[in-house]
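As the structure lists them, so they are numbered: ligands from 1, and atoms in each ligand from 1.
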Amino acid sequence: MRRVVHDGPLIVGGGLAGLSAALAAAPRPTLVISPEPLLRASASAWAQGGVAAAVAPGDAPALHAADTVAAGAGLVDAQRAETLTADGPATVDWLSSLGAPFDRDADGAYAVSREAAHSRARVARVGGDGAGRAVLSALVTAARASPHLTLREDARLLALARDGAGRVCGAVVARPDGPVLVTATAVVLATGGIGGLFAETTTPTALRGEGLAAAWLAGADVLDPEFVQFHPTAIDVGLDPMPLATEALRGEGARLVDGHGRPLLGAAADADLQARDVVARAVHLAHREGRGAFLDARTAVGARFPEAFPAVFASCIAAGLDPREAPIPVAPAAHYHMGGVAAGADGRTTVPGLFAVGECAATGVHGANRLASNSLLEAAAFGRRTGRAAAAEAAGPVPTAPVPDLPPELGAEALARLRQLMSRDMGVVRDGAGLERALAEIGRLEAGEGAALPLVAARLMIEAALARRESRGAHFRTDFSSPAARAAHTRVSGRADERNKAAA
Ligand code: SIN
């Protein structure tokens, strides 16, 4: 196998988290790999809402932290939430200084939107619903101009490499001309989430938990993999992935109704702005009962739609639907993974040399239910902390690494089956029988395909969902429909001895 020695951090992923880390690693030479050209493969570019931060008059990081803790259903690390929200205003200023064109009011202050479970308008937005693409574009421009960065936009993670002491010291990546072992002084995983494991998702379908699975196989602990956030208003027009109708529409007064125009969540003005898991279950139920679910923005947004929410408007028009004149058909879809590789605010995992940041990491700030638009904030704020930590870690000599075992690729047919079973049994509403059935099917897929990374990730998630015999946040089980008296995390050890014990 070809070998490349890189004297500095290797960053796997070119979304908001990866590029924030890469820029912050300066002046240390840093290698960034992405499976596709930047901006194309990452969920950050698709984010519509914006960056949650206490930038409005009368708001404060402590209030933002309190909302974050309340949304997380007992599993948010309060101190970590304080760190994140305290970073908020400076992070928005930093992104703005790189050229992210945040919307401003007449006085030049950031214009903010309201989204679900925020006690006030707090989401710094760009062009109404274009925050993800605009913010990431600014970072891509900065990254391309940064002399300390080398960008490889055709390299996909296959496995992590470790030295004899168990320290991560590189990765095998697939490039068009074959696999390459890249040794580096630290590895930062910024590989995104797991939306592509589900048949209904709002994220790029290529995101299938590969970083999560590779980290666990390399010995890293995984936290709360059962917690998947389903967005209640994916546009239901038969597309894969499903376009998003941002929550900010409901912040503007758009209402969720059934096929007869009756409110899904009650008539109160803010009923549709309850926590995302509550709203997703109401939309799911309406579908299951054959009532249909629609987002009616005709009165609240109406003629302003093309200027106020251009991305949603374009998706609707492309599907032959004019949201100024008709309600938008919606359904829940896998949107964000709260669980992930256990990591600190500086990305440090339980394995020396390995860092994780962004959606593939679980830093304790999302608990069982992420507060809307906290993910872009986390990606940028903790991305910068992680880049600095990884660059400092990288000050030693480049270690040598043996070639690790490479996982098999998952065939197209098996992937399609996996996505169906995940949506059916690991979706908005779960139960023990469905989860057992899903595990049995995963076993059959493993027998035919081997332990491909998406199967490893899916198994981690389903086993944790089966073991969590309660309902909490985004994890809802009809056979255990109440929360347990004490909120507890799931921690799955990646140490080889523990993994073997679990498999025995
Ligand atoms: C949205 O705009 O509704 C999504 C925002 C988020 O997922 O944080």
With a 4.0 Å cut-off on heavy atoms, is [X] in contact with ligand 1?
X	value
Ala47	no
Gln229	no
Ser373	yes

Numbered atoms and elements of ligand 1 in range of [X], under 4.0 angstrom, heavy atoms:
X	answer
His335	4 (C), 6 (C), 7 (O)
Gly49	2 (O)
Glu247	1 (C), 2 (O), 3 (O)

Q: Considering heavy atoms of the protein only, find what lies nearest to atom 5 (C) of ligand 1 and give residue, atom and distance to 0.1 Å.
A: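 For atom 5 (C) of ligand 1, the nearest protein heavy atom is Arg276 NH2, 3.4 Å.
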Q) For atom 1 (C) of ligand 1, which protein heavy atom lies nearest, and how many Å away is it? A)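 Closest protein heavy atom to atom 1 (C) of ligand 1: Thr246 OG1, 3.4 Å.
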Q) Quick one: does NZ or CZ of Arg276 land under 6.0 Å from the six-membered ring centre of Phe230, within 45 degrees of the ring axis? A)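 Verdict for Phe230: no cation-pi partner in Arg276.
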(Q) Would Arg133 pass as a cation-pi partner of Trp46, given that its NZ or CZ must be under 6.0 Å from the six-membered ring centre and within 45 degrees of the axis? (A)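 Negative - Arg133 is either too far from the ring of Trp46 or too far off its axis.
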Q. Quick one: does ligand 1 sit under 4.0 Å from the side chain of Arg250, the backbone, both or neither, non-hydrogen atoms only?
A.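 Neither part.
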Q. Would Arg255 and Asp272 pass as an ion pair if we require N to O under 4.0 Å?
A.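 Looking at Asp272 together with Arg255, the answer is yes, because their closest N to O distance falls below 4.0 Å.
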(Q) Can you tell whether the side chains of Asp346 and Arg385 come within less than 4.0 Å, N to carboxylate O? (A)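 Salt bridge: no.
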Sub-3.5 Å N/O-N/O distance, [X] and ligand 1:
X	answer
Asn374	no
Ala372	no
Gln48	no

**Q.** Distance, nearest 0.5 Å, that separates CZ of Arg250 from OG1 of Thr233
**A.**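 The distance works out to 4.5 Å.
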Q) Counting only heavy atoms not in Arg469, do more than 12 fall under 6.0 Å of its CZ? A)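 Counting neighbours around CZ of Arg469, 12 or fewer heavy atoms of other residues, nucleotides or ligands fall under 6.0 Å, so no.
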Q.
Using salt bridge (charged side-chain N to carboxylate O under 4.0 Å, His left out), reason through Asp224 and Arg491 one step at a time and then give a plain yes or no.
A. CA-CA 6 Å; Asp224 297 335; Arg491 184 174 273 269; over 6 Å; no
Q: Output, in order, the C-alpha distance, side-chain angles, deciding distance and verdict of ring pair (Phe, Tyr, Trp, His ring centres under 6.0 Å) for His366 and Phe227.
A: CA-CA 10 Å; His366 304 309; Phe227 289 118; over 10 Å; no
